[in-house]
Visitor: 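One structure, as structure tokens, below. Some questions next.
The model shown is predicted, which means the values in this text are computed figures rather than measured ones.
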Number of protein chains: 2
Amino acid sequence: MSLQRLKQRVLKNPEVKAEYDKLEDEFNLIDQLLTMRSKAGLTQEQVAERMQTNKSNISRLERGNANPSWSTLLKYAHACGFELSLQAQKMH
Amino acid sequence: MSLQRLKQRVLKNPEVKAEYDKLEDEFNLIDQLLTMRSKAGLTQEQVAERMQTNKSNISRLERGNANPSWSTLLKYAHACGFELSLQAQKMH
DNA sequence: TTCTTGGTTATCATATATGATAACTCTAGT
DNA sequence: ACTAGAGTTATCATATATGATAACCAAGAA
């Protein structure tokens, strides 16, 4: 909640955003989604249009501990101009 | 269908399987799932047990053009001993 | 042949993701 | 103060993923 809010504000600083965008690390799912949209420089509404849905659903996807389907993840990524694949690494 | 069948037979050859397991390329979703289970050396039933579900559902997941949720993908990967993350690469 | 094992398919019930709409907050400008 | 833009939240309807069970196929071994 307040973490999201903080991130939101922080990312408004263009320099900070640039740095943030460089980090390609292992984030949780939501962070990965936010990062894609951030890099694309799109609003939720713009992503929604490209996904043929509504902005409220994008908000839900990005906030409410999401459990989206693979096709939804693909649509979102494509809307943000990304190709998506799974990365599996052996646990040990 | 027959592709799956072919793959199935081919992968019974241990040498071929070893080679197949080395390839970490951009597969479609289903191939990535099959590869994980193949590397783990588990049967559908074993994966099903670890995921607390039934083997028929695993088969459906691996065959019927799947659109699983993120949590299902995670469960499957964990059952096979893998950690999972998204890999997004910019389209151009 | 018969049995076992791994995988497939069909089906139904249930849980949950998604679509759609509306009302709301917050912030930045003007 | 007012407005506009971006995001949030609540809610309902509907589509679809998932769980569960049973019957089936194919291949290999005894």
Side-chain angles (χ1 to χ4, degrees), chain A residues 1-14 16-17 29-31 33-80 84 86, chain B residues 1-14 16-17 20 29-80 84 86:
Chain A
M1 297 303 194
S2 65
L3 172 71
Q4 296 287 354
R5 193 131 217 96
L6 174 65
K7 224 180 274 173
Q8 211 171 306
R9 297 204 178 173
V10 164
L11 291 182
K12 284 197 174 171
N13 180 330
V16 175
K17 178 175 172 301
L29 184 63
I30 293 180
D31 278 334
L33 298 182
L34 288 175
T35 300
M36 279 192 270
R37 187 163 68 84
S38 172
K39 286 188 181 177
L42 297 172
T43 67
Q44 289 183 342
E45 195 162 22
Q46 289 172 316
V47 172
E49 283 171 16
R50 300 182 181 198
M51 288 177 67
Q52 317 226 55
T53 183
N54 317 291
K55 64 173 183 171
S56 62
N57 298 323
I58 306 302
S59 174
R60 176 176 55 192
L61 180 59
E62 290 180 353
R63 315 209 81 243
N65 282 322
N67 184 29
S69 69
W70 179 247
S71 75
T72 300
L73 291 174
L74 269 186
K75 279 187 223 159
Y76 184 97
H78 292 164
C80 294
L84 210 59
L86 281 184
Chain B
M1 297 304 195
S2 64
L3 172 70
Q4 296 288 353
R5 194 132 215 94
L6 174 65
K7 223 178 273 171
Q8 212 171 306
R9 296 204 180 173
V10 163
L11 290 183
K12 283 198 175 171
N13 180 330
V16 174
K17 178 175 173 302
Y20 187 80
L29 184 63
I30 292 180
D31 278 334
Q32 302 212 33
L33 297 184
L34 289 175
T35 300
M36 278 192 272
R37 187 163 67 84
S38 171
K39 286 188 181 176
L42 296 173
T43 68
Q44 288 183 344
E45 195 163 22
Q46 288 172 316
V47 172
E49 282 171 18
R50 300 182 181 199
M51 287 176 68
Q52 319 228 54
T53 182
N54 317 290
K55 65 173 184 173
S56 61
N57 298 323
I58 305 302
S59 175
R60 175 176 57 193
L61 179 60
E62 290 179 354
R63 315 207 83 242
N65 282 321
N67 184 29
S69 69
W70 179 247
S71 76
T72 300
L73 292 174
L74 270 186
K75 279 187 224 160
Y76 185 97
H78 291 165
C80 295
L84 210 59
L86 282 183

Visitor: Return the minimal non-hydrogen interatomic distance between A:W70 and A:L86, and the atom names on each side.
Guide: CZ3-CD2, 3.8 Å

Visitor: For nucleotides 16-23 of chain C, read 5' to 3', which letter fits each nucleotide if B means a protein heavy atom sits under 4.0 Å from the base, S means only the sugar-phosphate is that close, and - means neither?
Guide: -SBBBBB-

Visitor: May I ask you to evaluate whether A:R63 reaches the phosphate of D:dG7, defined as a side-chain N or O under 4.0 Å from OP1 or OP2?
Guide: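 A:R63 to D:dG7 OP1/OP2: no side-chain N or O under 4.0 Å.
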
Visitor: Can A:R37 and A:Q46 be said to form a side-chain contact (heavy atoms from CB on, under 4.5 Å), step by step?
Guide: CA-CA 10 Å; A:R37 187 163 68 84; A:Q46 289 172 316; over 6 Å; no

Visitor: Mind checking what makes side chain to side chain donor-acceptor pair (under 3.5 Å) contact with A:T72, not counting sequence neighbours?
Guide: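 A:T72 satisfies side chain to side chain donor-acceptor pair (under 3.5 Å) with A:S69 once adjacent residues are dropped.
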
Visitor: Report yes if some heavy atom in the side chain of A:L33 is under 4.5 Å from a heavy atom in the side chain of A:C80; otherwise report no.
Guide: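 With C-beta onward as the side chain, the pair stays apart.
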
Visitor: Side-chain donor-acceptor contacts of residues 47-58 of chain A below 3.5 Å, not counting sequence neighbours, with atom names and distances?
Guide:
residue	atom	partner	partner atom	Å
A:R50	NH1	A:A79	O	3.1
A:T53	OG1	A:N57	ND2	2.8
A:N57	OD1	A:R60	NH2	3.0

Visitor: If the helix axis at each end comes from five base pairs, how far does the helix from C:dT1-D:dA30 to C:dT30-D:dA1 deviate from straight, to 10°?
Guide: 30°

Visitor: Between B:S59 and C:dT8, is there a side-chain N or O to OP1/OP2 distance below 4.0 Å?
Guide: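 It does, given that an N or O in the side chain of B:S59 lies less than 4.0 Å from OP1 or OP2 of C:dT8.
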
Visitor: D:dT8 P sits how many Å from A:I58 CD1, rounded?
Guide: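 Atom CD1 in A:I58 sits about 11 Å away from atom P in D:dT8.
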
Visitor: Expressed as a whole number of angstroms, how long is the span from B:L34:CG to C:dG6:C1'?
Guide: 14 Å

Visitor: Using the side-chain contact (heavy atoms from CB on, under 4.5 Å) rule, take A:L73 and A:L29 through it: C-alpha gap first, then chi angles, then the decisive distance, then the call.
Guide: CA-CA 10 Å; A:L73 291 174; A:L29 184 63; 4.1 Å; yes

Visitor: Counting any heavy atom closer than 4.0 Å, what does B:T43 reach on the DNA or RNA strands: base, sugar-phosphate only, or nothing?
Guide: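 Result for B:T43 = sugar-phosphate.
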
Visitor: Under a 3.5 Å cutoff, is there a donor and acceptor pairing between the side chains of B:Q32 and B:Y76?
Guide: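 No pair is found: no donor N or O on one side chain lies under 3.5 Å from an acceptor on the other.
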
Visitor: Locate the shortest heavy-atom distance separating A:I30 from A:E62; write the atom from each residue and the value.
Guide: CG2-O, 3.0 Å

